[in-house]
Each structure stands twice: as structure tokens, then as C-alpha cells.
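A quick write-up on the structure given underneath.
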Amino acid sequence: NQQVFAHCDLLSGNVIIQPQSATTAPNAPKTVSFIDYEYATPSPAAFDIANHFAEWGGFDCEHDLLPTKSQRQDFIREYIGSYYAHLGENKSEDELQTEMSRLGAEVDIFRGIPGFYWGIWALIQAVISQIDFDYASYAEIRLGEYWGWREESDGSRQASGKEMTVREKRWAEE
């Protein structure tokens, strides 16, 4: 489980895609910047990526907006390719596929942890923050993500006959 410098808060508002000029070639790479590093820390890459995917639901935690399996695979393919390109290493397609499968499996294992992380954070904010925001309700939603993942992962949801959460259904979508 490789540690990387992780942003740990890559919601859409913290990812800035610079506008292209009219003279920019249509296929030119986009310039992307990241802001708000206050939660950055060394972390498993899989946690940072799982957290990024969880943030696709936005501030309202719209779980039906989370990336499908194919969207996650596309992202991980680009992530792995960029990682090795920045290291200056050329990997075979088989090596890249192996690494993508490994990282994808780790991201899947971490998928519930952002709910726990941000749920606990929101409980703390509910007590100490002066910002007018319903942190307690946000904590309930985010901790619900964690418990939904736990029930899915340990089989207790299926054993109890409960319906799969929207978040877990979306995660399972191809």
C-alpha cells in the first residue's frame, strides 16, 4: 500500500481547470491546478482516489453521481499512466494492467473510509464551527456512507434482507 502526497479534499471546487484560449489547439492538454491543501498528508494513494470519487456527489452527497466502474477504471488508467510518465518509466501494457487492477482493488477497499473520515470531521465541526451549516446532518449522511459500505463488505446487508444503498448500487454499476 504505497504512500503518496495526498490532497485528501479533491472535491470539484478544489480542482481548477484553466480555460483554453481561442488559439489553443483543440487536442492540447488542459492545465489543471489544485487549491486548498489544508487536509493534505502522506496517505495511501487508494484513499485519496476513493475520497476523490466520493466527492463526485458534491456537497449534497448525491450518490447517484458517483463514478461507475468504467469511469473509475478510466481515471485509474490515466492516474497510473501519469504516475509512471512522471517517474520516466516505460511500462508494458501488461504491467500497466496489473498495476491498474491492483490500485482499483485497493480503491474499492477504501471506498467507505471517506464517509467515516468526513463524518467524524463533521461531528467535530458541529460542536466547534461558527459557520452556519448543518454539520450534524452532514455527519449523518457521511457516516451512513461508511455503514452502508461496511454492511455491503461484510455481507450483513444481504443477510438481513436490506436493500443496497444508492451509493453501493452506483459503485457496482459498470
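- Each of E168, R167, E145 was compared with H63 under the side-chain hydrogen bond (donor to acceptor under 3.5 Å, both in side chains) criterion, and only E145 meets it.
- Counting heavy atoms from C-beta outward, I76 and Q73 have side chains that stay 4.5 Å or more apart.
- Judged by distance alone, with hydrogens and angles left aside, the side-chain atoms of R72 form a donor-acceptor pair with the main-chain N or O of W171 at under 3.5 Å.
- A 4.5 Å side-chain heavy-atom check between Y138 and W121 finds at least one atom pair inside the cut-off.
- Side-chain contact between S70 and E174 is absent, with no heavy-atom pair separated by less than 4.5 Å.
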*asked:* Applying side chain to side chain contact (heavy atoms under 4.5 Å, CB included) to V127 and L123, what does each step give before you reach the verdict?
replied: CA-CA 7 Å; V127 174; L123 287 175; over 6 Å; no
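- Taking the side chain as every heavy atom from C-beta outward, P114 and E55 never approach each other to under 4.5 Å.
- The closest side-chain heavy-atom distance from I16 to F34 is not below 4.5 Å.
- Linking ILVMFWY residues whenever their side-chain heavy atoms come closer than 4.5 Å, directly or via other members, places W149 and Y117 in the same cluster.
- Here the rule is side-chain hydrogen bond (donor to acceptor under 3.5 Å, both in side chains) with E152, and of R157, K162, K169 only R157 fits it.
- Taking 4.5 Å as the limit, every side-chain heavy atom of V32 sits out of range of all side-chain heavy atoms of Q18.
- Two residues are said to be in side-chain contact when any heavy atoms from C-beta on lie closer than 4.5 Å; Y37 and F5 meet this criterion.
- Looking at V4 and F47, their side chains never come closer than 4.5 Å, going by heavy atoms from C-beta outward.
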*Candidate pair K91 and E99, rule salt bridge (Lys or Arg N to Asp or Glu O under 4.0 Å), full reasoning*: CA-CA 10 Å; K91 298 289 185 183; E99 187 62 19; over 6 Å; no
